[in-house]
S.K.: 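Sending over a structure as structure tokens; questions will come in a sec.
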Amino acid sequence: MKHTLSVLVENHAGVLSRVAGLFARRGFNIESLAVGTTVDPAVSCITIVADDRENVMEQLGKQLNKLIDVIKLKDFSPEEIISRELALVKVSANARTRGELSELIALAGGKICDVTRTSITVEYCDTTDRVENFLALCRPYGLKSVVRTGTIAMERGSGQLSVEESSV
């Protein structure tokens, strides 16, 4: 089962390395990792998506909480969050396929960022599953390059992961 962890940390050099190192030392693969500052520039939020095949995520959570720079951690279930991933996708295109590809991009909700004689570059933002589906639709045209951000996630509703004890 995939887990999405949101980890609030002090915004200092080396914190990401210590958090990722904890996973690496235990031979645990991180599927997606995204980091950004929060409303408070002294605090960053690390979003980690990992597959808990060996049921060790609870133990990793306890060990993360022991790291000095970790302020707060929450392991979210998929129903508790809104998640998105951004992908920049360069697809082969020529005069014959450009119109068909443009229509596909529009129907899928993508945004064309660049067009050349031999390619179209698309910005596509959605859930990880929908990004995968979009890439599958583009593959027959020829994927030239794909760059992805990794998953970012936020708690649904009025709840929020914050430095304060009570999350409202």
Side-chain angles (χ1 to χ4, degrees), residues 1-90 105 108-111 113 121-139 143 145-168:
M1 180 171 106
K2 288 194 191 316
H3 285 257
T4 302
L5 297 174
S6 284
V7 186
L8 290 181
V9 296
E10 293 179 19
N11 190 5
H12 298 296
V15 174
L16 177 60
S17 176
R18 285 188 287 282
V19 169
L22 184 67
F23 282 77
R25 283 190 300 279
R26 281 141 189 85
F28 206 72
N29 187 44
I30 295 173
E31 291 187 16
S32 174
L33 179 78
V35 184
T37 56
T38 62
V39 175
D40 179 354
V43 177
S44 289
C45 183
I46 302 174
T47 305
I48 302 168
V49 177
D51 195 359
D52 191 14
R53 288 185 299 276
E54 295 118 28
N55 296 316
V56 296
M57 193 60 75
E58 184 179 336
Q59 183 63 31
L60 277 169
K62 288 176 184 176
Q63 291 171 353
L64 278 169
N65 272 321
K66 290 179 185 177
L67 293 177
I68 213 160
D69 296 311
V70 171
I71 300 167
K72 201 175 222 179
L73 169 125
K74 182 146 185 195
D75 183 356
F76 289 106
S77 67
E79 340 32 86
E80 292 179 292
I81 58 171
I82 298 166
S83 66
R84 293 293 181 268
E85 181 176 349
L86 172 65
L88 293 175
V89 184
K90 190 174 291 191
I105 293 163
K111 177 183 172 191
C113 302
T121 302
V122 181
E123 172 187 316
Y124 190 78
C125 180
D126 211 320
T127 63
T128 299
D129 288 343
R130 292 194 59 162
V131 170
E132 288 294 337
N133 289 340
F134 179 72
L135 292 174
L137 291 170
C138 291
R139 266 191 194 88
L143 292 177
S145 183
V146 176
V147 180
R148 296 168 75 163
T149 61
T151 300
I152 57 170
M154 180 179 279
E155 192 169 3
R156 288 186 179 277
S158 60
Q160 66 187 34
L161 185 64
S162 65
V163 177
E164 293 81 36
E165 275 308 305
S166 63
S167 294
V168 181

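Values below: all heavy atoms of this structure, side chains included; hydrogens, waters and symmetry mates excluded.
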S.K.: Tell me, do R84 and T127 make a side-chain contact under 4.5 Å, heavy atoms counted?
M.R.: yes

S.K.: Mind running side chain to side chain contact (heavy atoms under 4.5 Å, CB included) on L16 and L33 for me, showing each step along the way?
M.R.: CA-CA 10 Å; L16 177 60; L33 179 78; 3.8 Å; yes

S.K.: Side chains of R148 and T128: closer than 4.5 Å at any heavy-atom pair?
M.R.: yes

S.K.: Would you kindly say whether R26 and Q59 are connected by a side-chain donor-acceptor distance under 3.5 Å?
M.R.: no

S.K.: Would you call F23 and N29 a side-chain contact if the rule is heavy atoms closer than 4.5 Å?
M.R.: no

S.K.: Search all heavy atoms of H3 against all heavy atoms of D75 and return the closest pair with its distance.
M.R.: ND1-OD2, 2.8 Å

S.K.: Is there a donor-acceptor contact under 3.5 Å from the side chain of S145 to the main chain of K90?
M.R.: no

S.K.: Does a sphere of radius 6.0 Å around CD1 in I152 hold more than 12 heavy atoms from other residues, nucleotides or ligands, not counting ones at 6.0 Å or beyond?
M.R.: no

S.K.: Supply the atom-to-atom distance T4 OG1 to E80 CD, rounded to the nearest 0.5 angstrom.
M.R.: 10.0 Å

S.K.: Does the side-chain hydrogen bond (donor to acceptor under 3.5 Å, both in side chains) test come out yes or no for T151 and S83, once each step is laid out?
M.R.: CA-CA 6 Å; T151 300; S83 66; 5.7 Å; no

S.K.: Working to the nearest 0.5 Å, report the span between CD1 of I68 and CD of E10.
M.R.: 8.0 Å

S.K.: Given D126 and N133, is the side chain to side chain contact (heavy atoms under 4.5 Å, CB included) satisfied, shown in steps?
M.R.: CA-CA 10 Å; D126 211 320; N133 289 340; over 6 Å; no

S.K.: Could you tell me the separation between the CZ atom of R18 and the CG atom of L64, rounded to the nearest 0.5 Å?
M.R.: 12.5 Å

S.K.: Minimum heavy-atom separation for C113 to V122, with atom names?
M.R.: SG-C, 4.2 Å

